[in-house]
Trainee: 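Have a look at this one before I ask anything.
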Amino acid sequence: CTETYAEKYYNRMEVQKAMHANTTGIPYRWTACSDVLIKTWQDSELSMLPIYKMLMKAGLRIWVFSGDTDSVVPVTATRFVISHLGLKTKIRWYPWYSAGQVGGWSEVYEGLTFASVRGAGHEVPLFQPRRAFRMFQAFLAGEPLPKS
Amino acid sequence: AAAGAGVEECEERARNDRVEALPGQPPVAFAQYSGYVTVNEERGRALFYWLTEAAGDAARKPLVLWLNGGPGCSSVAYGASEEIGPFRIKPNGTGLFLNKYSWNREANLLFLESPAGVGFSYTNTTSELKTSGDERTAQDALQFLINWMSRFPQYRHRDFYIAGESYAGHYVPQLARKIVEYNKASSYPFINLKGILVGNAVTDNYYDNIGTVTYWWTHAMISDHTYKAILKSCNFTSANVSRACSRAMNYAMNHEFGDIDQYSIYTPSCA
């Protein structure tokens, strides 16, 4: 229910004042998601795969992670997508560890790293903050996730 | 200067954006800023950002821009307040407490409410709330970065990453593509993009849909009968959804899933 807490907190006048927010008197309440935008969204590219290939060519570090208890954009969807990039494997599938437990599984390709996060839903850092933070540290360091 | 403002003016704007403390916030040692950056003067579009600098040695830590998806959802509501930000909101919005695993332990976190119409971000051209899409969102986000880095020049050339989840599986690579193209065209590139990090990301219509239905079946959320009905009636290569497909998908969600939180299938849903 944490989303309802945000709806209350960010609609408090003193919070908006402290954040220099809503300085133009927006004619609607602050809300976590805009119904208008999601219902009237116009252009949406069918696939990001061509962009991934362009970004790999530009030498960017690309990490894709997936909380494995999400059924909205689930880990199987991400795996289908990655498998169709046709990448060469650098480090084969292995369990990665956080705090002595399996944090998920990972595979490192030429140009992209995949990691699942065990027991996390759609908002991975909400459900598994410690594992998400460990993954973030590895991403910033440009290192594979730990094998123990 | 890129934003048409002098350096002194930019520095003054940065000072004006300084957040001393939020109501009900515990004391912290890092700085935070929030406010508006205009991305389209003529149409009156301005995006709201919240920067929580890194705890300890902010000047040497990378900058990470976090985007939530939707489309239409707020990075302040989710990324900052439920996921990677330094604060969590107490029940009923009475105050804040610290997030032990905040990502600002390792980086300066920039949360952006994008596009205009999300959260505190606004447009003075109300009709625009119904014409948002991938392209304008990416263009405005690039313009935001260019103008924001005029206000915070200390972040020019800093290691920079873009992260996000869900429909930001579109926003993140599309903005990265714009930055790569912008840098190529610039004789003096200052946005030092090093990489992207996306989670449970909307990536490819066809494979996402096939993978989602596969997950439902392999995680025993739907019956064999429904699984076969979906595969038979849904053509995921097309953006249009047939009535038979909608019927099969709706039956799965309304009659077989049960009252669950689809975003986290083993945790209790919010009453």
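Quantities reported herein were computed from a predicted structural model and do not represent experimental measurements. Lettering of chains follows the sequences in order, A, B, ..., and the numbering in each one begins at 1.
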Trainee: Please look at B/R18 and chain A and tell me whether the side chain, the backbone, both or neither of the residue comes under 4.5 angstrom of a heavy atom of that chain.
Mentor: backbone
Trainee: Measuring heavy-atom distances to chain A, does B/V172 have an atom under 4.5 Å in its side chain, in its backbone, in both, or in neither?
Mentor: neither
Trainee: To the closest 0.5 Å, what do you measure between OG1 (A/T69) and CZ (A/R118)?
Mentor: 11.0 Å
Trainee: Looking at chain B, which one of A/S34, A/S44, A/A18 has the largest number of heavy-atom pairs inside 4.5 Å, strictly under?
Mentor: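 Top count of heavy-atom pairs under 4.5 Å with chain B: A/S44.
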Trainee: Counting heavy-atom pairs under 4.5 Å to chain B, which of A/A32, A/G121, A/A132, A/P129 comes out on top?
Mentor: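 If we count pairs closer than 4.5 Å to chain B, A/A32 comes out on top.
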Trainee: Which bit of B/Y161 is near chain A, if near means a heavy-atom gap under 4.5 Å: side chain, backbone, both or neither?
Mentor: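 Contact with chain A is through the side chain of B/Y161 alone.
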Trainee: Non-hydrogen atoms of chain A under 4.5 Å away: do they reach the side chain of B/P71, the backbone, both or neither?
Mentor: both
Trainee: Among residues at least two apart in sequence or on other chains, which ones pass ring pair (Phe, Tyr, Trp, His ring centres under 6.0 Å) with A/Y52?
Mentor: none
Trainee: So what's closer than 4.5 Å to chain A heavy atoms on B/S102: side chain, backbone, both or neither?
Mentor: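 Backbone only.
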Trainee: Against chain B, work out which of A/T4, A/T78, A/T23 has the most heavy-atom pairs shorter than 4.5 Å and name it.
Mentor: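 Looking at each of A/T4, A/T78, A/T23 in turn, A/T23 comes out on top.
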Trainee: Is it the side chain or the backbone of A/M54 that comes within 4.5 Å of chain B heavy atoms, both, or neither?
Mentor: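 When you check distances to chain B, only side chain atoms of A/M54 fall under 4.5 Å.
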Trainee: Return the set of residues passing side-chain hydrogen bond (donor to acceptor under 3.5 Å, both in side chains) with A/Y109 (not counting sequence neighbours), or none when no residue passes.
Mentor: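 If we apply the side-chain hydrogen bond (donor to acceptor under 3.5 Å, both in side chains) test to A/Y109, skipping adjacent residues, the hits are A/E107.
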Trainee: Counting heavy-atom pairs closer than 4.5 Å to chain B, which one of A/R61, A/M48, A/E14, A/K39 comes out on top?
Mentor: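 Looking at each option in turn, the highest pair count goes to A/M48.
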Trainee: If you tally heavy-atom pairs under 4.5 Å against chain B, which of A/R130, A/K8, A/E7 wins?
Mentor: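 Of the candidates given, the most pairs with chain B belong to A/R130.
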Trainee: Heavy-atom distance under 4.5 Å between the side chains of A/F114 and A/V75, does that happen here?
Mentor: yes
Trainee: Decide if the gap between the ring center of B/Y122 and the ring center of B/Y36 is smaller than 6.0 angstrom.
Mentor: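 Aromatic pair counts; centres sit under 6.0 Å.
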Trainee: Under a 4.5 Å heavy-atom cut-off, does chain B meet the side chain of A/I51, its backbone, both or neither?
Mentor: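 Contact with chain B: side chain only.
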Trainee: Against chain A, label B/E165 side chain, backbone, both or neither, depending on which of its atoms sit under 4.5 Å from a heavy atom there.
Mentor: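 Side chain only.
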